[in-house]
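Here the structure is laid out as structure tokens; the discussion comes afterwards.
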Amino acid sequence: MEKIWIKSYPQGVPAEIDYTRYRSLVQLLEESFSKYAQRNAYVCMDKFMTYAELDIMSKKLGAWLQGQGLSKGARVAIMMPNVLQYPVAIAAVLRAGYTVVNVNPLYTPRELEHQLNDSGAEAIIILENFACTLEKVIARTKVKIAVVATMGDLLGGLKGTIVNFVVRNIKKMVPAYSLPQAVRFNYVIKRGAQMTLHPVELGQDNIAFLQYTGGTTGLSKGAMLSHRNVIANLLQNEAWLEPAMNKDPKVEAMTFLCALPLYHIFALTVCCLMGTRLGGMNILIPNPRDIPGLVKEMGKYKINLLPAVNTLYNGLLNNPDFAKLDFSALKLCNGGGMAVQKAVNDRWLQVTGKSIIEGYGLSETAPVATGNPSDSITFSGTIGLPIPSTDIAILDDDSKPVPLGQPGEIAIRGPQVMVGYWNRPEETANVMTADGFFKSGDIGIMDERGYVTIVDRKKDMVLVSGFNVYPTEVEGVVAMHPGVLECAVVGVADETTGEAVKLFVVRRDPDLTAEQLMDYCQQQLTNYKRPKHIEFRNDLPKTNVGKILRRELRDVKAA
């Protein structure tokens, strides 16, 4: 296929990257541990961890895990928010020759049981705050090894003790649990210090992560991400970010804000692993929903890279203290996970002086597939260009390419595309084409420059009297209304038109009425795209990453 997007690349960005230079992700990580040993790798609650400390601690944890008799490739679950133990656990599991299974710590017992059983996890590293969930299901899983961490484990003697006391006794954040077989994280580190981590022969084909997708179509599936997939995406991102990184003033060690949860593929690759690759420091935020606390934490550092989703950007902008921060060191604000709304970008640019650089990807693509040039100074409203070594095709329902400028399903081919879904050959076959493209389920359009615009999720499209209505477009228009804080659009059954557009709104202006919004939409949208129903809400259901859950809103009957 003709790669029409290459001509739109910024100067110096290569068309292809060489992902064969590392045998495994472990080799890439250990190179950084050695090269940047004296630099800070992470900070959480004012406690810093250097690359040397990360190296030593992950070696100890890895040695202990090997001592439990797990076979090469065994799945080890990690169920924690963004605390210092998380990156230690990731590095340890990989170095010991195992596969990381990232688990959302807010999962219900049902969701946790499904993921542990589906992955066949034999061990779990979990924060005590969530151990009560594990207690309810562990007997029905293959998990034999449970390592329980506390918020204060790695914060140092007195501080760690105080934090644990506050978390357990004052904030009451640790529900009672009973896991007789569990061992404490710090005990494991101490025991591991007396053991040896045996190097494991790993190749690019070995599975590094089982990254579970959100399960929007039912039970979540594990995308098998090989060492090759993750190495490739790190090197692709490194090449793509080069123009922004090289802008004056030069920064030797980048500071990342890691407010997105590390169990999510966006933060895992773009913050945790990318930070390690570049020898940067990640500021770990355990609870990004506490916006005032997040803003206070941001005020302590000169942040260079800020990856976030639209809702987090919006949340920050609506905090009165955010605008008082110093944004002079910001080099790049990445937007992903969901569509970045122009209204949010325009306000962000006004406050910080930086545009949000939107990209696109999925768990199945490790995750980045496209991005706007990292040195862009304007908001394009697109998800950008295919990154190096990546092909994008826009396909019809028969998996045939559509003409340029026509909507179709976005399909991705490249070394970052998953091996397949864990134990689901049929589902893998459903999303892969004969020539190696992964069908994303997103509808998009490619223009003559190679830029791709997402129209919507295939399944979120609303069919009004035979016309396609894409919720993202309607939401983007409604979000521009000054009285609107957040909004979401779904389709509801309608006797006359088959489906009708229903709009859910969280007001910024408490006096905003449905009639005012209807009038506004009449001026901005053609007839069939206008909402027939408007419902005001105090908040909208969201994933832990901040993606609005349209599927939950669909269950609400038309007003």
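Worth knowing before you read on, the calculation uses all heavy atoms, side chains too, and leaves out hydrogens, waters and symmetry mates.
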Within the structure provided, determine whether [X] and [Y] are in side-chain contact (heavy-atom separation under 4.5 Å).
X      : Y      : answer
Thr472 : Val489 : no
Tyr212 : Trp422 : yes
Asp290 : Ile285 : no
Ile145 : Trp64  : yes
Leu61  : Phe185 : yes
Lys144 : Gln181 : no
Met79  : Tyr263 : no
Val545 : Pro261 : yes

What distance do [X] atom [atom1] and [Y] atom [atom2] have between them, rounded to the nearest 0.5 Å?
X      : Y      : atom1 : atom2 : value
Leu325 : Tyr301 : CG    : OH    : 13.5 Å
Leu29  : Leu273 : CG    : CG    : 6.5 Å
Thr99  : Leu70  : OG1   : CG    : 11.0 Å
Tyr313 : Ile356 : OH    : CD1   : 5.0 Å
Leu517 : Leu512 : CG    : CG    : 4.5 Å
Arg550 : Arg554 : CZ    : CZ    : 7.5 Å

Please find the pair of heavy atoms, one from [X] and one from [Y], that lie closest to each other, and give the distance.
X      : Y      : value
Ala343 : Ala479 : CB-O, 3.5 Å
Leu540 : Glu486 : CD1-CB, 4.0 Å
Gln194 : Arg191 : OE1-NH1, 2.8 Å
Leu210 : Ser119 : CD1-CB, 3.8 Å
Leu349 : Ser355 : CD1-N, 3.8 Å
Val505 : Cys487 : CG2-CB, 4.3 Å

Quiz item: So, Thr150 versus Asp153: side-chain donor-acceptor pair below 3.5 Å or not?
Solution: yes

Self-check item: Short side-chain donor-acceptor distance under 3.5 Å, Asn314 and Asn318
Solution: yes

Report yes or no: does [X] contribute a side-chain atom to a donor-acceptor pair with the main-chain N or O of [Y] at less than 3.5 Å?
X      : Y      : answer
Asn282 : Cys271 : yes
Ser363 : Thr213 : no
Glu358 : Val340 : yes
Asn164 : Gly152 : yes
Arg39  : Gly279 : yes
Asp55  : Tyr51  : no
Gln416 : Val368 : yes
Thr161 : Gly157 : yes
Asn304 : Lys331 : no
Gln85  : Ala149 : no

Quiz item: Would Tyr42 and Asn82 count as a side-chain hydrogen bond (donor to acceptor under 3.5 Å, both in side chains) if you check the C-alpha gap in whole Å, the side-chain angles of each, and the deciding distance to 0.1 Å?
Solution: CA-CA 10 Å; Tyr42 292 92; Asn82 291 4; over 6 Å; no

Quiz item: Step by step, would you call Tyr421 with Glu364 a side-chain hydrogen bond (donor to acceptor under 3.5 Å, both in side chains)?
Solution: CA-CA 9 Å; Tyr421 292 120; Glu364 292 90 342; 2.6 Å; yes

Quiz prompt | side chain to side chain contact (heavy atoms under 4.5 Å, CB included) partner of Leu25, chosen from Leu225, Val230, Ile90 | solution = Val230

Quiz prompt | Phe322-Phe327 aromatic ring centre distance below 6.0 Å | solution = yes

Quiz item: Heavy-atom count around Lys35 NZ within 6.0 Å, excluding the residue itself: above 12?
Solution: no

Exercise. Could you give me the CA-CA distance, side-chain angles and deciding distance for Asp46 and Glu297, then say whether side chain to side chain contact (heavy atoms under 4.5 Å, CB included) is met?
Key: CA-CA 9 Å; Asp46 301 323; Glu297 204 62 23; 4.0 Å; yes

Quiz item: Who passes side chain to side chain donor-acceptor pair (under 3.5 Å) against Tyr177, sequence neighbours left out?
Solution: Arg184

Quiz prompt | Audit row: Asn229, Ser226, side-chain hydrogen bond (donor to acceptor under 3.5 Å, both in side chains) steps and yes/no | solution = CA-CA 5 Å; Asn229 294 151; Ser226 66; 3.2 Å; yes

Exercise. Output yes when Glu30 and Arg95 qualify as a salt bridge under the 4.0 Å nitrogen-oxygen rule, no when they do not.
Key: yes

